[in-house]
Amino acid sequence: MLLQLKLPSIRLNKEISVEEKKIELNKVDEFPPMPVSLGSMRVNKTSSWRNFRPIIDGEKCIGCGICWKFCPEPAIFPTNPPEVDYDYCKGCGICIANCPVDAITRQDETK
Amino acid sequence: MKTVMNGDFAASYGAMTSDVKFVAAYPITPQTLIVEKLSELVADGELDASFVKVESEHSAMAACIGAQAAGIRTFTATSSQGLLLMCEVLHWAARARLPIVLANVNRAVAPGWSIWADAQDSISQRDTGWMQVYAENNQDVYDSILMAYKIAEDNDVLLPMMVNLDAFFLSHTSEVVDLIDNDKAKEFLPAYDPEYKLDPKNPRAFGALTSPEHYFEFTYKMFEAMEVAKKKITQVGKEFGDIFGRYYDMTESYKIDDAETVLVTFGTIAGTAKESVDRLRKEGKKVGNLKIRVFRPFPAEQIIDALKNAKRVVVIDRDYSYGNEGAFYTEIKGALYDANLRIDTYGMIAGLGGRDVSTTVIKEIVEKAETSEPNKTYFIGVKK
Ligand code: SF4
Ligand code: SF4
């Protein structure tokens, strides 16, 4: 079955200048004074603290788009079957809990 | 320009001379006059600022946080219960490193419902990350606000500052205050221009989730900032003096060089203590006074230096840390211990809920110290 959705994609405003550089804070002197974002999330991935990842089973999937709709990040691409963007998926499990046919399973992350 | 005004108005004019661009405040006795005067100054076009009426002190501080994060200089004022209601957002302002300045009229905490002088309100907010100044007179209130912005906005400090003034003894008492003209003030305190601010052209997320990987360092940076602030407060106090003729520091010593008994005081009690020192010296007693003007950051080095030759250190607290002793007393002892100074100390709790601490009371305190067991806390003037 095909995912029949015309879905908006999220883009950054071109006029906005966001530093497209990788921010790594390894030493206290590199920290800003307060917790503030220092660069674009296009290069600064946000999934480092994920404990498990959702795995979508394309065979079971009926293409309803619920996982895409419910993902709070959003880290699911509306393809058929949907694809998880593991650079941003935080492993909350909302997609797993809401899939009507249990097509998504969890797999522990190992470090 | 010399004029006569009460402490509340001195706070309002302090904010005006500092060219604040945003004021959000909620009235509470005995701070109400500060808010009324500021709204008047804005309405009359004398102060070019937004004046935002809010429904609570929590909202007042929250509004200041938003405005300051957008890169403008803000001011608010409160007292007692109002300061306590702000508690959550006081922490927020400090950890967001927003150099907001707040005037707090030191008033007792209820119940019993009291509008009179007592430092319990600000002392209980000691660990919010705010710098704390305790003013001795109305000129001190006015000058401290101007200096507060200069210190707080320093790029290596970036911490909010609370200027405290005693209820009624300052808030509603008129004294001569020398006002600084705007051009001179601008030279001393340039416009606020922070490196990180809310800006649609360069969007940033502020105060986001911070994992154990990073949170620790942000607290460490506040430790560093407080250390810098110690030097900065002394430096700015001197610079202020060089320009305007009135010098300030974190502490002020009065006749301590040969003093056997040194009183340690803050706020208006410091003024009375100096008068008491003069009177007691006429009776042949070698007494001095150390005023703690800045409580956070804590001026341990200056305190050690001032007290090292004393025989007796008598700390007067207009506050009480329930279950222990006066807050200043604890910290003074800590400083002496660090310097390996084993001096007899006396914790004197006095003046709670606005009870007068007159020269007679201070004389009684000195006599009590001379005749009582050291290293203990005494409540002065309890009806027995
Ligand atoms: S686990 Fe959460 S973040 Fe990851 S894809 Fe599913 S809903 Fe989105
Ligand atoms: S919720 Fe389940 S069935 Fe629906 S699109 Fe997502 S994976 Fe497929």
Side-chain angles (χ1 to χ4, degrees), chain A residues 8-54 70-76 84-95 108-111, chain B residues 65-66 68-71 89 91-100 128-131 151-160 192-229 232:
Chain A
S9 58
I10 293 162
R11 274 193 208 97
L12 281 175
N13 184 341
K14 285 270 156 44
E15 286 164 29
I16 288 170
S17 61
V18 182
E19 280 182 87
E20 294 276 335
K21 65 169 191 214
K22 182 94 183 124
I23 307 291
E24 272 184 72
L25 300 175
N26 295 318
K27 291 193 185 122
V28 67
D29 290 345
E30 296 162 3
F31 279 59
M34 72 290 281
V36 59
S37 62
L38 295 175
S40 167
M41 284 189 184
R42 283 192 289 221
V43 284
N44 294 286
K45 315 296 186 201
T46 58
S47 61
S48 67
W49 54 306
R50 184 176 60 227
N51 287 327
F52 64 84
R53 59 173 59 203
F70 276 58
C71 175
E73 276 308 308
I76 293 184
V84 178
D85 184 346
Y86 293 112
D87 284 341
Y88 301 101
C89 164
K90 61 185 170 186
C92 66
I94 289 174
C95 54
D108 286 345
E109 295 284 4
T110 48
K111 271 185 190 157
Chain B
I65 286 171
Q68 191 88 28
V89 266
H91 281 276
W92 191 283
R95 292 197 64 92
R97 307 294 296 275
L98 298 169
I100 298 166
T128 52
W130 281 64
M131 297 186 280
I151 297 155
E153 291 171 6
D154 186 279
N155 266 335
D156 295 322
V157 177
L158 292 180
L159 291 166
Y192 176 53
D193 182 24
E195 185 181 354
Y196 300 101
K197 62 180 175 198
L198 291 170
D199 177 4
K201 288 259 152 40
N202 186 13
R204 295 183 187 283
F206 281 83
L209 187 81
T210 309
S211 68
E213 211 182 321
H214 296 128
Y215 188 94
F216 200 100
E217 278 71 18
F218 287 115
T219 306
Y220 179 78
K221 285 194 103 72
M222 290 174 77
F223 155 75
E224 286 186 322
M226 282 287 188
E227 290 301 307
V228 173
K232 205 76 206 171

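Below, chain A is the first sequence line, B the second, and so on; all start at residue 1. Computation of the quantities below employed the complete heavy-atom set of this structure, encompassing side-chain atoms and omitting hydrogens, waters and symmetry-equivalent molecules.
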Side chain, backbone, both or neither of [X] within contact of chain A (heavy atoms, under 4.5 Å):
X: Leu209(B); value: side chain
X: Ala96(B); value: backbone
X: Ser211(B); value: neither

Legend entry - Ring centre gap for Tyr220(B) and Phe223(B) strictly below 6.0 Å: yes

Legend entry - Enclosure of Tyr86(A) OH (heavy-atom neighbours >12, cutoff 6.0 Å): yes

Inset, instruction - Please name all residues satisfying ring-ring contact (aromatic ring centres under 6.0 Å, His included) with His214(B), sequence neighbours left out, ordered by chain then number. - result: Phe31(A)

Legend entry - Partners passing ring-ring contact (aromatic ring centres under 6.0 Å, His included) against Phe52(A) (at least two apart in sequence or in another chain): none

